[in-house]
Amino acid sequence: MSGEQNKAPPAVTLAALFFGFSKIGLSGFGGVLPFARHYLVESSRWMTAEEFNQQLGLCQFLPGPNVVNLAVVVGRRYGGLAGACLSAFGLLAGPVAIVLLLALLYDAYGALPQAQAMLRGIAAAGSGLLFAMAFRMALAIKRKPFFLPFTGLVFVAIALLRWPLPAVMLAGIALSGAVAYGLLRKDEA
Amino acid sequence: MSVLLELFTEFALLSFVAFGGATALLPELYRVVVEHHHWMDATTFAHLYAIAQAAPGPNVLVVTLIGWQVAGLAGALTATLAMCLPMSIVVYLLFSHWDRFKGARWQRAIQLGVAPLAVGLIFSGATLVGQSAGLGWAGWGFVLAVAVFSTKTKFHPLWCIAAGAVLGLAGVV
């Protein structure tokens, strides 16, 4: 497997990047990352699973929409600046067009009581799905006694006190990152 | 024009603290768009989130819809670009150096430290979406049911969304 990583990347045209990422963008609801992995690693075979994880690592480490960042990284690898732009554009163009059509419908019919009732139900489902996602992510956190208190503090600061997020995140990263740094240093000593 | 500029600067700024992606940013989007700028009311915000949930595509699309609501097509494109472009440039320039700092202790410490914060943000977003949708007891009961169902089973999330649409139309939620 490690031999494959050193292999030159397969030739991928700009058109293939655009259409590949269009397909990824349109294939998932509420996030397309699993589809990106499936398409890039299994169906198109543009990269190995290790390469995918390695590239995703940076995209998840940095802030911003992870999948857009991934499109930029993959596009850049195969097509330089043009590849990066076309991949990100391909990823977003289709979904943006669909969502704008829905926005037109919302402008036209959103005030109807039926539409209001239906959207309230969907928002409730969306809220439930978010709780489930947060719960799954909380279970995956390592060293829970050290880190779950930070989850609670962020919830209090953001959801209850309504403090601005940039300040909360910067303070949070400083504190929680310091705890993590200390734990890592202790582990490796 | 000045609204577009405001949209761009607000969202570009937020993209730098969007650890956990656009989903983790929901509570701050709500604060900026509903509470600070009064660009829309809470119910509309919840509706836009609902529309984004029911459409295919990356999570960042809720930002596109917010931009649309604020300033039409130009607003939609501006908001989307503002959210995606800054970190795209950073990731483009940084990628060839990733090997050099990947695995360094400070890098792993940040990664480890950010995760619990992102979880807190998503719990907050879940709460705010429910609150701004104006749910009653039955509504919150349905939220709880979806949360449990989605945690315990492998059904596609669209089933929950369809159930929400039907129950909403029926006047239950």
Side-chain angles (χ1 to χ4, degrees), chain A residues 25-26 29-32 58 61-69 72-73 76 84 88 95-96 98-100 102-103 106 114 117-135 137-138 141 147 150-151 154-155 158-159 162 165-166 169 172-173 176-177 180-181 184, chain B residues 15-19 21-22 27-28 46-47 49-51 53-61 64 68 84 87-88 91-92 95 98 105 109-113 115-117 119-120 122-127 129-130 133 135 139 142-143 146-147 150-151 157-158 160-161 164-165 167-169 173:
Chain A
L26 289 169
F29 288 79
V32 297
L58 176 68
F61 174 61
L62 292 175
N66 295 330
V67 182
V68 180
N69 290 347
V72 168
V73 166
R76 177 190 184 212
V96 164
I98 291 176
V99 112
L100 287 180
L102 293 175
Y106 180 65
Q114 295 93 325
M118 191 177 81
L119 287 170
R120 185 170 58 245
I122 297 178
S127 167
L129 291 170
L130 283 174
F131 274 116
M133 178 200 243
F135 185 69
M137 285 172 70
I141 287 177
F147 290 115
F150 286 104
T151 301
V154 166
F155 183 82
I158 296 288
R162 321 302 332 272
L165 178 134
M169 278 308 273
I173 291 172
S176 160
Y181 192 89
L184 288 171
Chain B
S15 74
F16 284 96
V17 284
F19 290 98
E28 181 67 3
H47 288 170
Y49 180 70
I51 295 171
Q53 275 289 299
N59 295 320
V60 67
L61 290 175
T64 310
W68 166 274
C84 297
M87 285 325 288
S88 291
V91 83
Y92 185 90
F95 189 68
W98 174 226
R105 190 180 290 154
I110 292 180
Q111 192 142 26
L112 206 58
L117 307 179
V119 175
I122 296 177
F123 271 121
S124 306
T127 309
V129 167
L135 301 177
F142 178 63
V143 169
V146 168
S150 165
T151 309
L158 269 185
C160 295
I161 289 172
L167 289 176
L169 269 178
V173 170

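Every chain is numbered from 1, with letters handed out A, B, ... down the list of sequences.
Neither the backbone nor the side chain of Leu167(B) comes within contact range of chain A; no heavy atoms are under 4.5 Å apart. Within the 4.5 angstrom heavy-atom criterion, only side-chain atoms of Ile141(A), from C-beta onward, approach chain B. For a residue to count as touching a neighbouring chain, one of its non-hydrogen atoms must lie under 4.5 Å from one of that chain's; by this rule Phe19(B) touches chain A with backbone and side chain alike.
Taking CG from Leu117(B) and CZ from Phe147(A), the interatomic distance works out to 9.5 Å, rounded to the nearest 0.5 Å. Arg162(A) CZ to Ser124(B) OG: the interatomic distance, rounded to the nearest 0.5 Å, is 8.5 Å. Interatomic distance, CG of Leu158(B) versus CZ of Phe29(A), reported as 5.0 Å (0.5 Å rounding). To the nearest 0.5 Å, atoms CZ (Phe16(B)) and CG (Leu62(A)) are separated by 10.0 Å.
When the shell of 6.0 Å around CZ of Phe95(B) is examined, it contains more than 12 heavy atoms from other residues, nucleotides or ligands.
Between Phe123(B) and Phe155(A), the two ring planes are perpendicular [angle over 60°; tilted spans 30° to 60°].
With respect to chain B, the highest number of heavy-atom pairs below 4.5 Å among Gly25(A), Ala88(A), Pro95(A) belongs to Pro95(A). The candidate from Cys84(B), Ala115(B), Ala22(B) with the greatest count of non-hydrogen atom pairs under 4.5 Å with chain A is Cys84(B). Residue with the most contacts toward chain A among Val143(B), Val17(B), Ile110(B): Val143(B) (heavy-atom pairs, distance under 4.5 Å). Note: Val146(B) leads Ile161(B), Val173(B), Val146(B), Val129(B) in heavy-atom pairs under 4.5 Å with chain A. Ranked by heavy-atom pairs under 4.5 Å with chain B, the list Val67(A), Leu26(A), Leu129(A), Val68(A) is led by Leu129(A). Considering only heavy-atom pairs separated by less than 4.5 Å from chain B, the leading option among Ala138(A), Ala103(A), Ala84(A) is Ala103(A).
Put simply, the side chain of Ser15(B) never gets that close to the backbone of Gly64(A): no donor and acceptor are under 3.5 Å apart. The main-chain N or O of Ala126(B) is found under 3.5 Å from a side-chain atom of Ser127(A) such that the two form a donor-acceptor pair. Using a distance-only test at 3.5 Å, with no hydrogens or angles considered, no donor-acceptor pair links the side chain of Gln53(B) to the main chain of Gly126(A).
For the pairing with Leu61(B), the side-chain contact (heavy atoms from CB on, under 4.5 Å) check across Ile98(A), Leu102(A), Val99(A) returns one residue only, Val99(A).
What you find for Ala124(A) and Phe142(B) is that their closest heavy atoms are CB-CD2, 3.8 Å. Between Ile122(B) and Ala134(A), the shortest heavy-atom contact is CG2-CB, 3.8 Å. Taking all atoms of both residues into account, the shortest heavy-atom contact from Ala180(A) to Ala109(B) is CB-O, 3.3 Å. Between Pro166(A) and Glu28(B), the shortest heavy-atom distance links the atoms CD-OE2, 3.5 Å.
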What's the verdict on side chain to side chain contact (heavy atoms under 4.5 Å, CB included) for Tyr106(A) and Trp68(B), showing C-alpha distance, side-chain angles and the deciding distance?
-> CA-CA 11 Å; Tyr106(A) 180 65; Trp68(B) 166 274; over 6 Å; no
Trace of the side chain to side chain contact (heavy atoms under 4.5 Å, CB included) decision for Thr127(B) with Phe131(A) | CA-CA 8 Å; Thr127(B) 309; Phe131(A) 274 116; 3.7 Å; yes
